[in-house]
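Worksheet: one structure, shown below.
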Amino acid sequence: MTIAGQHHFQVTIGTTVISFAKLSNLESSMEYEVLQEGGNNLAPRLLPLPQKQLKTLRLERGIQEGNKVLDGLRPGAVVNGGIAISILDPGGAVIARYTVEGVTVVKWEIGAMDAQSSQVLFEVFEVTYKGIKKEAV
C-alpha cells in the first residue's frame with residue numbers, strides 16, 4: 001500500500017504517546033567485509049562485522065508546556081524500553097511499527113529564537129540506538 005501526501009506517524013516513549021513534527025535517520029544497516037573465496041570465482045562472500053558505531057535518530061517538535069517524559073530526555077539519559085514508532089494510514093490505523101532499542105539521549109537543543117519571526121520554536125532530541133526491530137501489525 002502506498003500513501004500519498006502527508007506522512008502520519010506516532011512516537012511512543014515508555015507508555016506515553018508524544019507528538020513530533022519530524023523524525024529522521026531511522027535506518028538499519030550492516031557493516032561487512034568483502035572476501036574472495038578460494039576456488040569460487042563466481043562471486044565474493046560478505047563477512048558480517050561487529051557494529052562499530054551507533055545509529056543516531058533525530059526527533060523534532062514544537063516547544064510545549066512541560067512534559068514529564070520529555071523533561072527527562074536530556075543528554076546521558078537512557079530510554080528504558082526504547083522508542084516505538086508507528087506509521088499510520090490517513091484513517092489513523094497502524095500500517096507499520098518499529099521499535100528502536102538501546103536508546104541513549106546524546107543531544108538536546110532549541111532552534112534559533114527570533115522575536116521578529118512567526119515560525120514555531122522547535123526543540124530537537126538526538127538519540128543513539130543499537131538496533132531497530134520491525135514488529136508485526
Side-chain angles (χ1 to χ4, degrees):
M1 166 190 255
T2 303
I3 299 176
Q6 293 181 324
H7 300 283
H8 300 278
F9 62 95
Q10 183 177 39
V11 177
T12 306
I13 300 174
T15 58
T16 306
V17 175
I18 300 176
S19 298
F20 286 93
K22 187 176 178 181
L23 184 145
S24 57
N25 298 341
L26 187 62
E27 67 169 317
S28 180
S29 62
M30 176 182 88
E31 295 185 33
Y32 61 90
E33 182 178 343
V34 178
L35 298 174
Q36 290 293 336
E37 183 179 5
N40 182 1
N41 297 323
L42 298 177
R45 300 285 183 185
L46 294 180
L47 177 64
L49 297 174
Q51 187 173 317
K52 293 179 184 156
Q53 295 184 14
L54 297 172
K55 312 276 190 257
T56 302
L57 178 66
R58 186 173 169 95
L59 303 146
E60 300 178 35
R61 65 173 285 155
I63 293 247
Q64 296 178 357
E65 286 187 41
N67 176 309
K68 289 181 182 182
V69 173
L70 291 180
D71 290 345
L73 294 183
R74 295 295 175 253
V78 174
V79 180
N80 294 320
I83 296 175
I85 300 153
S86 300
I87 311 299
L88 311 172
D89 70 11
V94 176
I95 58 172
R97 181 175 288 125
Y98 304 91
T99 301
V100 179
E101 302 168 327
V103 178
T104 301
V105 180
V106 293
K107 184 176 181 181
W108 171 82
E109 69 178 295
I110 293 179
M113 294 184 214
D114 181 355
Q116 296 178 355
S117 174
S118 61
Q119 293 185 351
V120 174
L121 182 59
F122 277 87
E123 69 179 325
V124 178
F125 300 91
E126 284 188 10
V127 300
T128 60
Y129 61 98
K130 293 179 182 174
I132 183 170
K133 177 175 64 173
K134 184 173 183 177
E135 299 178 16
V137 180

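Every heavy atom of this structure was used, including side-chain atoms; hydrogens, water molecules and symmetry mates were not.
- Under the rule for a salt bridge (Lys or Arg N to Asp or Glu O under 4.0 Å), the partners of Arg58 that lie at least two apart in sequence or sit in another chain are Glu60, Glu109, Glu126.
- Residues Val106 and Leu54 fall into different hydrophobic clusters, defined by Ile, Leu, Val, Met, Phe, Trp and Tyr side chains chained together at heavy-atom separations under 4.5 Å.
- Across every non-hydrogen atom of Ser24 and Leu57, the tightest pair is O-CD1, 3.2 Å.
- Here Leu35 sits in one hydrophobic cluster together with Leu47; the rule is ILVMFWY side chains under 4.5 Å apart, joined directly or through other members.
- Here Glu101 pairs with Lys133 under the salt bridge (Lys or Arg N to Asp or Glu O under 4.0 Å) rule; sequence neighbours left out.
- In this structure, Asp89 and Ile95 approach most closely via the heavy-atom pair CB-CG2, 3.9 Å.
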* Can Ile132 and Lys55 be said to form a side chain to side chain contact (heavy atoms under 4.5 Å, CB included), step by step? -> CA-CA 10 Å; Ile132 183 170; Lys55 312 276 190 257; over 6 Å; no
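- Nearest heavy-atom pair across Pro90 and His8 is CA-CD2, 4.2 Å.
- Contact between Gly72 and Ala77 at its shortest, heavy atoms only, is O-CB, 3.3 Å.
- The NZ atom of Lys52 sits 5.5 Å away from atom CG of Leu49, with the distance rounded to the nearest 0.5 Å.
- In this structure the side chain of Val94 reaches within 4.5 angstrom of the side chain of Leu88, judged on heavy atoms.
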Using a 3.5 Å cut-off and no angle test, enumerate the donor-acceptor pairs between side-chain atoms of residues 116-125 and protein atoms at least two apart in sequence or in another chain.
from   : atom 1 : to     : atom 2 : distance (Å)
Ser117 : OG     : Gln119 : N      : 3.0
Glu123 : OE1    : Trp108 : NE1    : 2.9

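- Here the CG atom belonging to Leu26 is positioned 9.5 Å from the CG atom belonging to Leu59, to the nearest 0.5 angstrom.
- The distance from atom OH of Tyr129 to atom OG1 of Thr56, rounded to the nearest 0.5 Å, is 8.0 Å.
- Other residues sharing a hydrophobic cluster with Tyr32 under the 4.5 Å side-chain heavy-atom criterion for ILVMFWY residues are Met30, Val34, Leu46.
- Screening residues 70-87 for side-chain hydrogen bond (donor to acceptor under 3.5 Å, both in side chains) gives Ser86-Arg97 as the qualifying pairs, with residues at least two apart or on separate chains.
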Can you give me every donor-acceptor pair (side chain of residues 9-19, partner residue at least two apart or in another chain, under 3.5 Å) with its distance?
none

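- In this structure, Glu31 has no side-chain hydrogen bond (donor to acceptor under 3.5 Å, both in side chains) partners at least two apart in sequence or on a different chain.
- Atoms CG and CZ, on Leu70 and Phe20 in that order, are 5.5 Å from each other to the nearest 0.5 Å.
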